[in-house]
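A short worksheet on the structure shown next.
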Amino acid sequence: MCGKYILAQAAKAERAMGIRRGRWEYPLSYRVLPTEQVPVAVAESGEPEAAMMRWGLIPYWAYGVPLKASTINARVERIASAPSYRDPWHRGQRCILVMGGFYEPHVNEDGTRDPFFVRLAEREVFGVAGLWDRSRREDGSYVFSCTLITVPANPLLAEVHNAKQRMPAILAESDHEAWLCGALRDAFATLKSYPQELMMAWKVSRRVNSPKLPNDASLIEPL
DNA sequence: CCAGACGTTGTT
DNA sequence: GTCTGG
DNA sequence: CCAGACGTTGTT
DNA sequence: GTCTGG
C-alpha cells in the first residue's frame, strides 16, 4: 500500500507545511518511487524544517546498506515494536512526507489490476506521517531515510485498495504540530484513517506503472 | 549459543 | 542494535 | 509499487 | 519464484 505517489509544487508544499527553515527544491513528479529522495518536514529545532530523504528507511545499525526487507511502509500497529522502526519511534524521529496524491491498485474479479489515483477533495497538498533514521556508512558519511506509516483503510479506500485494505496515515492539518513536536502519546493519537468524505479517487492509465514512460500530469487523468 | 533477519503488500 | 529460530 | 531480468567466478 | 531498478 502506498508505494507510489505524486509531489506538489515546492512553494505550495512549503506553505502547506509551514516551513520556516530551509527550502525544498525538486522537479515536480507524478510518479515518486521507493528509493528516491523525497521531500519531508522534520522539526529537530522545534519548528518545521524542509529536508530531503531516501524513501525506504535504512536503520542506524545497517551501515547505510538498505535491508532486503521493504521498509517503504510501516504499519502503525508495528512502529513501536518492529526492529527497524522502534528506535526511531522512541527517539521521536518523526517526519511528514509531503504529497499531492497517491496511487493504489484495485484488483478486478478476473485478477487484473487497475491503478487508481487518490487525492484530497479540499487540500491540494497534504502530509503523511513518517519516521526517519540516520545510518552511518563505512566511509563515515551518513544516509538519511524515511518510511511512510499506514493505517487501516476507510470505506472508500477499502473499495479501491480492495486487496489489502490499508491507506497512508494522512495527517489533519491541525495535527501537524503534534506529530512533529508532541509527546509520544499525542503524536500516536494523530495516526488515524482520514475521513472518506474528504477524499476522491479515480481510475488512471496503467502507464503509471512503467517507469520508462513519461512522468507528467497525464498520469493522473481520469480514465 | 550464534547466524540470520530485521517488511509490506500481494503482479506481469 | 536486538530478537528469533535452529 | 510494478516491470523486467533472471550470469559467472569465488567463498565469510 | 524472487530480486532489482525505476
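Convention: sequence-line order gives letters A, B, ...; per-chain numbering from 1.
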(message) OP1 or OP2 of dT8(B) versus the side-chain N and O atoms of Thr150(A): is any pair under 4.0 Å?
(response) no
(request) With the side chain of Pro105(A) defined as its heavy atoms from C-beta on, choose the nearest nucleotide among dC1(D), dG7(B), dG6(E). (result) dC1(D)
(message) Is a donor from one side chain sitting under 3.5 angstrom from an acceptor on the other, for Arg166(A) and Thr150(A)?
(response) yes
(message) In this structure, is the centre-to-centre distance between the rings of Phe117(A) and Trp202(A) below 6.0 Å?
(response) yes
(request) Provide, to the nearest angstrom, the distance between the CD atom belonging to Glu104(A) and the C1' atom belonging to dT8(B). (result) 12 Å
(request) Calculate the interatomic distance between Ile79(A) atom CD1 and dT8(B) atom C1'; express it in whole Å. (result) 15 Å
(request) Take the protein atom CG of Asn108(A) and the nucleotide atom P of dG10(B), then report the distance between them rounded to whole Å. (result) 14 Å
(message) Output the rounded distance in Å from CZ (Arg75(A)) to C1' (dC6(B)).
(response) 16 Å
(request) From the options dG10(B), dA3(D), dC1(D), select the nucleotide whose nearest atom is closest to the side chain of Leu33(A). (result) dC1(D)
(request) Figure out the NE2/P separation between His161(A) and dT8(B), and round it to whole Å. (result) 13 Å
(request) With P as the reference atom in both, quote the distance from dA3(B) to dT12(D) in angstrom, rounded to an integer. (result) 14 Å
(request) Write down the distance separating the C1' atoms in dG1(C) and dT9(B), rounded off to the nearest Å. (result) 27 Å
(request) Quote, to the nearest angstrom, the C1' distance that separates dC2(B) from dG6(E). (result) 38 Å
(message) Return whichever of Lys68(A) or Asn209(A) has its heavy-atom-nearest nucleotide of DNA chain E closer to the 5' end.
(response) Lys68(A)
(message) Work out how far the P atom of dC1(B) is from that of dT8(D), and round it to whole angstrom.
(response) 39 Å
(message) In this structure, how many angstroms lie between the P atom of dC3(E) and the CG atom of Leu67(A), rounded?
(response) 14 Å
(message) Any strand counts, and the cut-off is 3.5 Å on both contacts for Watson-Crick or G-U wobble. Which nucleotide pairs with dT8(D)?
(response) none
(message) What's the gap between dG4(B) and dG5(E) when it is taken at their C1' atoms, as a whole Å value?
(response) 25 Å
(message) Rounded to whole Å, how long is the line connecting atom NZ of Lys212(A) with atom P of dT4(E)?
(response) 17 Å
(request) Return the nearest nucleotide to the side chain of Arg86(A); candidates are dT8(B), dC3(C), dC1(D). (result) dC3(C)
(request) Determine: side-chain N/O of Arg78(A) to OP1/OP2 of dG7(B), distance under 4.0 Å, yes or no. (result) yes
(request) Looking only at side-chain atoms of Ala74(A), point me to the closest of dT8(B), dT9(B), dG1(C). (result) dT8(B)
(request) First locate atom NZ of Lys12(A), then atom CD of Glu124(A), and finally report the distance between them rounded to the nearest 0.5 Å. (result) 3.5 Å
(request) Compute both the distance and the angle, then confirm whether Arg119(A) meets the cation-pi test with Phe126(A): under 6.0 Å from the six-membered ring centre, within 45 degrees of the axis. (result) no
(message) Output the rounded distance in Å from CG (Asn73(A)) to P (dG10(B)).
(response) 9 Å
(message) Applying a 4.0 Å non-hydrogen cut-off, can you work out what Ala62(A) is touching in the nucleic acid: base, sugar-phosphate, or nothing?
(response) nothing
(message) Looking at dG6(E), which nucleotide sits across from it as a Watson-Crick or G-U wobble partner, both distances under 3.5 angstrom, or is there none?
(response) dC1(D)
(message) Trp55(A) and ring-ring contact (aromatic ring centres under 6.0 Å, His included): which single residue from Tyr5(A), Phe144(A), Trp132(A) fits?
(response) Tyr5(A)
(message) Between Tyr194(A) and Asn154(A), is there a side-chain donor-acceptor contact under 3.5 Å, judged purely by atom types and distance?
(response) no
